[in-house]
Number of protein chains: 2
Amino acid sequence: MELNKFLPYQLSVLSNKISAGIAKYYRQQYNISVSQWRVLALLSDKGNQTAKELTIKSQMDKVRVSRTMKSLEERNFISQQACQKDKRARRYKLTKEGDALINEVKPKAIAFEKRLLETLSTIQIDELQNCLQALNSQVDKITEEI
Amino acid sequence: MELNKFLPYQLSVLSNKISAGIAKYYRQQYNISVSQWRVLALLSDKGNQTAKELTIKSQMDKVRVSRTMKSLEERNFISQQACQKDKRARRYKLTKEGDALINEVKPKAIAFEKRLLETLSTIQIDELQNCLQALNSQVDKITEEI
DNA sequence: TATTTTTAGTTTCAAATGAAACTATTTTAT
DNA sequence: ATAAAATAGTTTCATTTGAAACTAAAAATA
């Protein structure tokens with residue numbers, strides 16, 4: 001058994017390499033982290049979400065989301081509003097500044113992904129998506145057994 | 001643009017989920033970390049390697065490898081030997097205990113991977129390997145430009 | 001209605017991380 | 001041969017992390 005043939009290892013190396021590449025770039029250019037980027041992207045897609053909702057969609061844990069919301073608010077990229085249904089929660093949305101930022105970063109992210117995928121054919125991309133999807137469900141299945 | 005259609009995000013979520021699943025399991029059962037597991041697997045495949053060599057093969061940074069070597073040595077899973085060619089380096093190999101450990105863990109890792117892949121066809125697995133390989137080269141290409 | 005349990009989010013604390021500085025040695029260049 | 005640059009590996013230090021404990025509010029149950 002060779003480590004570099006081991007799928008979990010391969011995925012980890014690839015994912016870390018990609019994330020590190022993106023993170024470094026966005027940190028340098030805009031001083032935002034991957035967590036911040038994720039939350040901004042989600043709020044850009046749909047506003048007025050609670051931390052709980054963002055936790056689920058971002059797949060980050062609640063501590064990390066809580067800290068991300070705090071930092072984004074301090075930097076004036078998001079604003080909050082009381083949640084009438086549930087006094088524990090708040091609804092967040094992008095400020096004008098947050099919106100401007102994400103609209104500057106987003107095209108870069110899309111361009112990065114495009115460059116990444118240009119090495120694959122359309123069929124390969126489709127098939128890759130299927131595989132990732134299938135693997136995701138499978139991990140869930142396996143880990144809930146353990 | 002939706003976050004969950006974004007390949008870097010998808011890969012990160014999948015990889016973290018898999019790594020967390022494995023890490024949790026091996027931590028519980030054997031009290032070893034992913035870093036430790038990687039080094040043990042590499043030394044099991046080929047002994048008498050230096051930290052530098054392991055750094056390259058494990059794709060971890062030298063600080064992390066250094067700490068991993070220290071912890072593995074403290075727990076008596078590896079031993080070191082002076083390196084005659086280069087007095088700064090040492091060559092590491094598994095002890096009897098380290099060998100026993102990795103031979104217990106390895107089948108579990110292989111079984112985990114097998115379960116993971118049983119959701120994919122042989123052709124899909126092949127194609128997935130090709131994609132990962134291609135993406136890897138592509139990231140290298142992209143990031144060295146930035 | 002009162003009590004218990006669950007949930008949203010924050011804080012605390014200890015561990016993991018990695019960049020940068022460091023030591024010791026080796027390699028390269030002059 | 002000597003000085004300068006590069007390399008192997010470690011340590012330091014500041015940051016990031018996430019589990020566990022916590023607060024406050026909501027939902028479920030008695």
Side-chain angles (χ1 to χ4, degrees), chain A residues 12-13 15-17 19-28 31-39 42-43 48-75 78-92 143, chain B residues 12-13 15-17 19-28 31-39 42-43 48-75 78-92 143:
Chain A
S12 169
V13 168
S15 169
N16 288 341
K17 223 190 249 179
S19 289
I22 295 182
K24 196 179 171 187
Y25 179 66
Y26 295 141
R27 172 71 70 189
Q28 279 173 352
N31 197 31
I32 56 170
S33 66
V34 170
S35 308
Q36 291 173 331
W37 147 255
R38 282 190 186 178
V39 167
L42 287 170
L43 286 178
N48 291 309
Q49 300 198 69
T50 65
K52 169 72 181 178
E53 287 160 2
L54 294 166
T55 296
I56 293 164
K57 291 187 186 165
S58 69
Q59 298 258 28
M60 304 190 296
D61 69 274
K62 62 183 182 174
V63 178
R64 202 160 159 184
V65 171
S66 171
R67 285 168 178 150
T68 303
M69 305 322 282
K70 196 181 170 194
S71 67
L72 287 175
E73 206 173 5
E74 279 167 1
R75 288 177 62 190
I78 60 172
S79 62
Q80 57 168 261
Q81 196 184 350
C83 188
Q84 49 270 62
K85 297 234 174 185
D86 188 336
K87 283 176 196 159
R88 295 168 303 180
R90 278 138 289 161
R91 301 211 157 268
Y92 295 93
T143 47
Chain B
S12 168
V13 168
S15 168
N16 289 341
K17 222 188 252 181
S19 288
I22 295 182
K24 196 179 170 190
Y25 180 65
Y26 295 143
R27 171 72 68 188
Q28 280 173 352
N31 196 30
I32 57 171
S33 65
V34 170
S35 308
Q36 291 173 332
W37 147 254
R38 282 191 187 177
V39 166
L42 287 170
L43 286 177
N48 291 309
Q49 300 197 70
T50 64
K52 169 72 180 178
E53 288 160 359
L54 294 166
T55 296
I56 293 164
K57 291 188 188 165
S58 68
Q59 297 259 29
M60 304 191 296
D61 70 272
K62 62 183 182 174
V63 177
R64 202 161 158 184
V65 171
S66 172
R67 286 168 178 151
T68 304
M69 304 323 282
K70 196 182 169 194
S71 67
L72 286 175
E73 206 173 5
E74 278 166 2
R75 289 176 62 190
I78 59 171
S79 63
Q80 56 167 264
Q81 194 184 353
C83 188
Q84 47 270 65
K85 296 234 175 185
D86 188 338
K87 283 174 198 162
R88 295 168 303 181
R90 277 138 290 160
R91 302 211 155 269
Y92 294 93
T143 46

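Residue numbers begin at 1 in each chain, while the letters A, B, ... track the order of the sequences.
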Grab the [atom1]-[atom2] distance between [X] and [N] for me, whole Å please.
X: B/Asn16; N: D/dT16; atom1: CG; atom2: P; value: 17 Å
X: A/Met69; N: C/dT10; atom1: CE; atom2: P; value: 9 Å
X: B/Leu54; N: D/dT10; atom1: CG; atom2: C1'; value: 16 Å
X: A/Gln59; N: D/dG18; atom1: CD; atom2: C1'; value: 16 Å
X: A/Asp86; N: D/dA27; atom1: CG; atom2: P; value: 7 Å
X: A/Gln49; N: C/dG9; atom1: CD; atom2: P; value: 11 Å

Any [X] side-chain N or O less than 4.0 Å from OP1/OP2 of [N]:
X: B/Arg90; N: C/dA24; value: no
X: B/Lys52; N: D/dA8; value: yes
X: A/Ser66; N: C/dG9; value: no

(request) Give the C-alpha distance, both sets of side-chain angles, the deciding distance and a yes or no for side-chain contact (heavy atoms from CB on, under 4.5 Å) between A/Thr50 and A/Tyr92. (result) CA-CA 6 Å; A/Thr50 65; A/Tyr92 295 93; 5.8 Å; no
(request) Could you say whether B/Tyr92 or A/Cys83 is positioned toward the 5' end of DNA chain D, judged by the nucleotide with the nearest heavy atom to each? (result) B/Tyr92
(message) Go through it in stages, so that I can follow the logic: the residues are B/Arg38 and A/Ser12, the test is side chain to side chain donor-acceptor pair (under 3.5 Å), and I'd like the CA-CA distance, side-chain angles, deciding distance and then a yes or no.
(response) CA-CA 12 Å; B/Arg38 282 191 187 177; A/Ser12 169; 2.9 Å; yes
(message) According to salt bridge (charged side-chain N to carboxylate O under 4.0 Å, His left out), who are the partners of B/Glu73, at least two apart in sequence or on a separate chain?
(response) none
(request) Could you pull out all residues at least two apart from A/Lys57 that satisfy salt bridge (charged side-chain N to carboxylate O under 4.0 Å, His left out)? (result) none
Listed pairs, N/O of protein and of nucleotides 16-23 of chain C, under 3.5 Å:
unit_1	atom_1	unit_2	atom_2	d
C/dG18	OP2	B/Asp61	OD1	3.1
C/dG18	N7	B/Arg67	NH1	2.9
C/dG18	O6	B/Arg67	NH2	2.7

(message) Does A/Ser33 reach a base, just sugar-phosphate, or nothing at all? Heavy atoms under 4.0 Å.
(response) nothing
(request) Would you indicate what B/Lys24 reaches in the nucleic acid, counting non-hydrogen atoms under 4.0 angstrom: base, sugar-phosphate, or nothing? (result) nothing
(message) Ignoring hydrogens, what is the shortest heavy-atom contact between A/Thr68 and A/Ser35? Give both atom names and the distance.
(response) OG1-CB, 3.4 Å
(request) Taking the side chain as every heavy atom from C-beta outward, state whether A/Val39 and A/Met69 have any pair of such atoms under 4.5 Å apart. (result) yes
(message) Using the rule side-chain hydrogen bond (donor to acceptor under 3.5 Å, both in side chains), only one of B/Glu53, B/Gln81, B/Gln80, B/Gln49 pairs with B/Arg91; which is it?
(response) B/Glu53
